[in-house]
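Whatever order the structure lists ligands and atoms in, that order sets their numbers, starting from 1. In this chain, numbering begins with 1 at the start of the sequence shown. None of the values given here were measured: they were computed from a predicted structure.
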Amino acid sequence: MEALISEVKNDLKNNDPAAAVARVKEQSNQQRNTPLNIAITGESGSGKSTFVNAFRGISDEDDGAAPTNIVEASKEPIPYFHPDYPNVNVWDLPGIGTTKFPANEYLKHIGFEKFDFFIIISDTRFRENDVKLAQEIQKMKKKFYFVRSKIDNDIRAAGRKKDFNEKTTLDIIRKSCDQDLLKQGISSPRIFLVSSFELHLYDFSRLYETLGKDLPEHKRDALLFATSNINLEIIKKKKEAFQSKIKYYASLSACVAAIPLPGVSTAFDVALMAITARDYVHGFGLDKSSLQRLSARTRVPYRDMLAVTMSPLVAGEITEEVMLKMLPQLAGITALMAIEEAVRLIPIIGIIASAGLSGIAIYNVLNYFLDTLAKDAQSVFERSLTGP
Ligand SMILES: Nc1nc2c(ncn2[C@@H]2O[C@H](COP(=O)(O)OP(=O)(O)OP(=O)(O)O)[C@@H](O)[C@H]2O)c(=O)[nH]1
Ligand SMILES: [Mg+2]
């Protein structure tokens, strides 16, 4: 971000505000194009394809879904990408047992180098193939995580017993996986209990946290934004990631305001608003196609999803013209914020007072967009949980 600001300053010195806008756009595109490759592997029928779909927030019946419940669906790795983040691929791999390869050849066959990490899924105990694969992955200095799938089934079965307690049941399964793996030579394995039908329950959040921590920072954002809003924590994280960039955009706007050319500052601000608003709407899955996919998966009618949102940016086209039209309304909303914020922000944005006003206005507008869209994402998420 700091590099971007100095480049933009340079463009402005050369009286080229169009180049400055192009640079900001390019930076937003680059973020959307960070490659991340996630390998999902495990024995036949363990729930790989279902997990791939759930992770991407689509239903098994969706057009772009990985086919599920087909015996030995495929012998070749198949990448599935997020439409807004085409370089984030979740790979549905063939089970090692179905390929007849030993673990090291299996890894070569699937092209292990490209994967950022491996998720090894089992719906029962982790067996020899899972363990051999994990050991081979470790040799290749790649990361792996064990997912014990279909936990909803275990909970349902345990629920029939008199003294049922969910936490105790989960602890018992976790411990037994742990011991199985230990017996086969894997010490302190990382095991997560997951139901692909209910990713907001059990260990999925913990798995997600762990993946994020293990990834380098730029990949962490790629993972975050390509993940659908599985829980409120993810929405909060997306908001924080967006928030951390607003002060830079504000200072860009202030730099542009400092050049004495009529109209340039507004044009730049409007372009900046459109770029970031689009990032927010897509990042939160509030664009039309994401909402349609969510509606297909949860069977909550599309218009019911829309009905719980407040921002006019949701599911709409976000162009510079739309932003221009919104300016008078935004000026009203953000003027109230401006006075008290101004004093606090000038040292952060670090500019002289006259140019500071533009920076502060943008700061307020972007925060306003972000706040309302994050709230809308939360409302849509909550609505989607309640079903049709
Ligand atoms: N209850 C429950 N069933 C699941 C879950 N995940 C998968 N299943 C079911 O398990 C069956 C197999 O799931 P798939 O996702 O097709 O398994 P796979 O590992 O891709 O199988 P192959 O492609 O044949 O190797 C399907 O009937 C799924 O609906 C889950 O979390 N809970
Ligand atoms: Mg499959």
**Student:** On a heavy-atom basis, I'd like to know which of Ile155, Ile40, Thr50, Asp92 is closest to atom 28 (C) of ligand 1.
**Tutor:**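 Among Ile155, Ile40, Thr50, Asp92, the closest heavy atom to atom 28 (C) of ligand 1 belongs to Thr50.
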**Student:** Is ligand 1 under 4.0 Å from a heavy atom in the side chain of Asn153, in the backbone, in both, or in neither?
**Tutor:**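 Contact part for Asn153 vs ligand 1: side chain (C-beta onward).
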**Student:** Answer yes or no: does an N/O atom from Ser149 fall short of 3.5 Å to an N/O atom of ligand 1?
**Tutor:**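 It does not: no N or O of Ser149 is found under 3.5 Å from an N or O of ligand 1.
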**Student:** Do the charged groups of Glu61 and Arg299 touch, with an N to O distance under 4.0 Å?
**Tutor:**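 Arg299 and Glu61: salt-bridged.
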**Student:** What I want to know is whether Ser196 and ligand 1 share at least one N or O pair that is separated by under 3.5 angstrom.
**Tutor:**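 Yes, at least one N or O pair falls under 3.5 Å.
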**Student:** For atom 17 (O) of ligand 1, state which one of Pro94, Gly47, Gly97 supplies the nearest heavy atom.
**Tutor:**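 Comparing heavy atoms across Pro94, Gly47, Gly97, the nearest one to atom 17 (O) of ligand 1 lies in Gly47.
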**Student:** My understanding is that only residues two or more places apart in sequence, or in another chain, count here; which of them pass side-chain contact (heavy atoms from CB on, under 4.5 Å) with Asp152?
**Tutor:**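 Listed in chain order: Lys150, Arg156, Ser195, Phe197, Glu198.
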**Student:** Of all the heavy atoms in Ser195, does at least one lie under 4.0 Å from an atom in ligand 1?
**Tutor:**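 Right, Ser195 reaches ligand 1.
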**Student:** Hey, would you say the Phe284 and Phe381 ring centroids sit under 6.0 Å apart?
**Tutor:**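 No, too far apart.
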**Student:** From the Mg ion (ligand 2) out to just under 2.8 Å, does an N/O/S atom of Ser49 turn up?
**Tutor:**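 Yes.
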**Student:** Could you tell me whether Lys150 and ligand 1 have an N or O pair separated by under 3.5 Å?
**Tutor:**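 Indeed, backbone or side chain, Lys150 has an N or O that close.
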**Student:** For ligand 1, find out whether one of its N or O atoms is nearer than 3.5 Å to an N or O atom of Pro67.
**Tutor:**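 Such a contact does not occur with ligand 1.
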**Student:** Identify which of Asp152, Leu199, Val52 has a heavy atom lying nearest to atom 32 (N) of ligand 1.
**Tutor:**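 Selected option, by shortest heavy-atom distance: Asp152.
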**Student:** Quick check, are the ring centers of Phe55 and Phe51 under 6.0 angstrom apart?
**Tutor:**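 Yes, they do, as the ring centres are separated by less than 6.0 Å.
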**Student:** If you count heavy atoms of other groups shown closer than 6.0 angstrom to CZ of Phe81, is the number above 12?
**Tutor:**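 Incorrect, the count does not exceed 12.
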**Student:** Applying a strict under-4.5 Å side-chain criterion to I, L, V, M, F, W and Y, I'd like to know whether Ile172 and Ile151 cluster together.
**Tutor:**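 Ile172 and Ile151: separate clusters.
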**Student:** Number the atoms of ligand 1 from 1 as they appear, then name those within less than 4.0 Å of a heavy atom of Thr68, with their elements.
**Tutor:**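 Listed by number with element: 15 (O), 16 (O).
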**Student:** Which residues pass the side-chain contact (heavy atoms from CB on, under 4.5 Å) test with Arg220, sequence neighbours left out?
**Tutor:**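 Here the qualifying residues are Glu217.
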**Student:** Under 6.0 Å between ring centres, would you say that holds for Phe146 and Phe144?
**Tutor:**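 Close enough - the centres of the two rings lie under 6.0 Å apart.
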**Student:** Judged by non-hydrogen atoms, does Gly42 sit under 4.0 Å from ligand 1?
**Tutor:**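 It does not, in that no heavy atom of Gly42 comes within the 4.0 Å cut-off of ligand 1.
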